[in-house]
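What you are looking at is a predicted structure, and each value in this text was computed from that prediction instead of being measured.
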Amino acid sequence: MINEPGPGSGRTAALLTWLRRQWPVPFRPWAHGRDVAILYSTMVVVISLMIAIQPPHRLAALVEQSSTNLANMAAHPFAVLFLSAFVVSPATGLILIVPVLICYGEVQRWLGRVSTILVIVFGHVGATLVVMMLEITALHRHIVGFSVVVKPDVGVSYGMFAAIGALLFRVPPSWRTVYGLATLAVIAVLVIWFRDFTNLGHAAAYLIGISLSWLLHTAALRRPAMVQTGRKSAIVT
């Protein structure tokens, strides 16, 4: 039996066609293959601006409730891990959307949608857990005050640094060393200058991105060889 497409699939196709027609013509080629980056960036901008226009007390409460600080991670970790990735406060931090859009777009054009989402999720969650571990250790050793437990920690930077790390294997070999040293230098300056847990999280996210990039890139290179081997085996059989 052949399943004919239902009316729902026709409406979806019509909607996608309409959206493609509305998109500015000069940007259509650039946007192709970058839908994850565009969708994520749009959601971050909309959510962050909606929070930014709230009264000060409400704004502070929303940011605190979305933060991956120790108190929230102990109470409802999954919710804040998700929410914190879509909140940028203050709104001036939305300037980071530009490098986020570029980096996520390049990762998607290279490795695809699923791999891009993996880089974002593992970078954001992994760096958050590393920061959490460092804060708990510092508290235990009385290096920091108890205020770190409720210190706000939201934003797109962990995922962004993971994407920057992931792009190391995207850069041509002749420029890979320069790219690696330049990005490491930026992270080192941030860590030394600010001396805070957030920038240690950036360093962790960057290393996570490099590790994922190597694994995903290696898997992508092996896949055609495995398919070709399978075809030869089938022919022989």
Side-chain angles (χ1 to χ4, degrees), residues 9 12-13 15-49 81-88 93-128 154-176 178-180 182-184 186-187 201-227:
S9 60
T12 302
L15 175 61
L16 291 175
T17 302
W18 181 83
L19 288 173
R20 282 194 293 267
R21 287 176 179 173
Q22 303 310 309
W23 192 260
V25 174
F27 294 99
R28 286 180 192 171
W30 183 87
H32 178 70
R34 293 181 169 90
D35 51 331
V36 171
I38 294 170
L39 178 61
Y40 175 75
S41 299
T42 302
M43 292 175 66
V44 169
V45 170
V46 171
I47 293 171
S48 299
L49 290 179
L81 278 171
F82 178 79
L83 291 172
S84 61
F86 293 90
V87 177
V88 174
L94 286 173
I95 192 174
L96 288 178
I97 287 299
V98 175
V100 163
L101 189 58
I102 295 171
C103 293
Y104 287 2
E106 288 304 312
V107 173
Q108 183 181 346
R109 291 289 295 269
W110 177 38
L111 296 173
R113 289 190 186 96
V114 175
S115 296
T116 302
I117 294 171
L118 285 176
V119 169
I120 298 171
V121 171
F122 276 86
H124 180 71
V125 174
T128 299
V154 296
V156 300
S157 57
Y158 290 161
M160 181 188 74
F161 274 95
I164 291 172
L167 288 172
L168 177 66
F169 289 95
R170 172 66 164 169
V171 176
S174 58
W175 286 94
R176 198 166 292 163
V178 175
Y179 177 87
T183 50
L184 279 174
V186 171
I187 293 172
H202 293 157
Y206 177 78
L207 296 176
I208 291 170
I210 291 176
S211 302
L212 286 172
S213 174
W214 181 80
L215 290 172
L216 295 169
H217 181 50
T218 303
L221 289 176
R222 288 178 178 175
R223 195 175 300 122
M226 292 174 65
V227 171

Pairs meeting criterion side-chain hydrogen bond (donor to acceptor under 3.5 Å, both in side chains) with involvement of residues 93-107, two or more places apart: R34-E106
Criterion side-chain contact (heavy atoms from CB on, under 4.5 Å) on L96 and V88, from CA distance to verdict: CA-CA 9 Å; L96 288 178; V88 174; over 6 Å; no
Of all heavy-atom pairs linking A127 and A204, the shortest is CA-CB, 4.4 Å
Verdict with supporting geometry, V36 and I117, side-chain contact (heavy atoms from CB on, under 4.5 Å): CA-CA 8 Å; V36 171; I117 294 171; 4.3 Å; yes
So how far is it from F169 CZ to L212 CG, rounded to the nearest 0.5 Å? 11.0 Å
Residue pair Y40, V156: steps toward the side-chain contact (heavy atoms from CB on, under 4.5 Å) verdict: CA-CA 10 Å; Y40 175 75; V156 300; 3.3 Å; yes
For Y206, side chain to side chain donor-acceptor pair (under 3.5 Å) partners two or more places apart: T183
Answer yes or no: is there a donor N or O on one side and an acceptor on the other, between the side chain of S213 and the main chain of G209, under 3.5 Å? no
Drop me the distance from L215's CG to L111's CG, to the nearest 0.5 angstrom. 11.0 Å
N/O donor to acceptor pairs below 3.5 angstrom from side-chain atoms of residues 157-168, sequence neighbours left out:
unit_1 : atom_1 : unit_2 : atom_2 : d
S157   : OG     : H202   : NE2    : 2.8
Y158   : OH     : D153   : OD2    : 3.4

Report yes or no: does Q108 contribute a side-chain atom to a donor-acceptor pair with the main-chain N or O of R113 at less than 3.5 Å? no
Report the distance from atom CZ of F122 to atom CD1 of I208, rounding to the nearest 0.5 Å. 9.0 Å
With sequence neighbours excluded, what pairs up with S115 under the side chain to side chain donor-acceptor pair (under 3.5 Å) test? none
Go through the structure and list residues passing side chain to side chain donor-acceptor pair (under 3.5 Å) with T116, not counting sequence neighbours. none
Heavy-atom closest pair (I97 atom, S41 atom, distance to 0.1 Å) is CG2-CB, 3.8 Å
Partner of F86 under side chain to side chain contact (heavy atoms under 4.5 Å, CB included), chosen from V154, I47, V45, V46: I47
Residues which pass side chain to side chain donor-acceptor pair (under 3.5 Å) with R109, listed by chain and number, not counting sequence neighbours: none
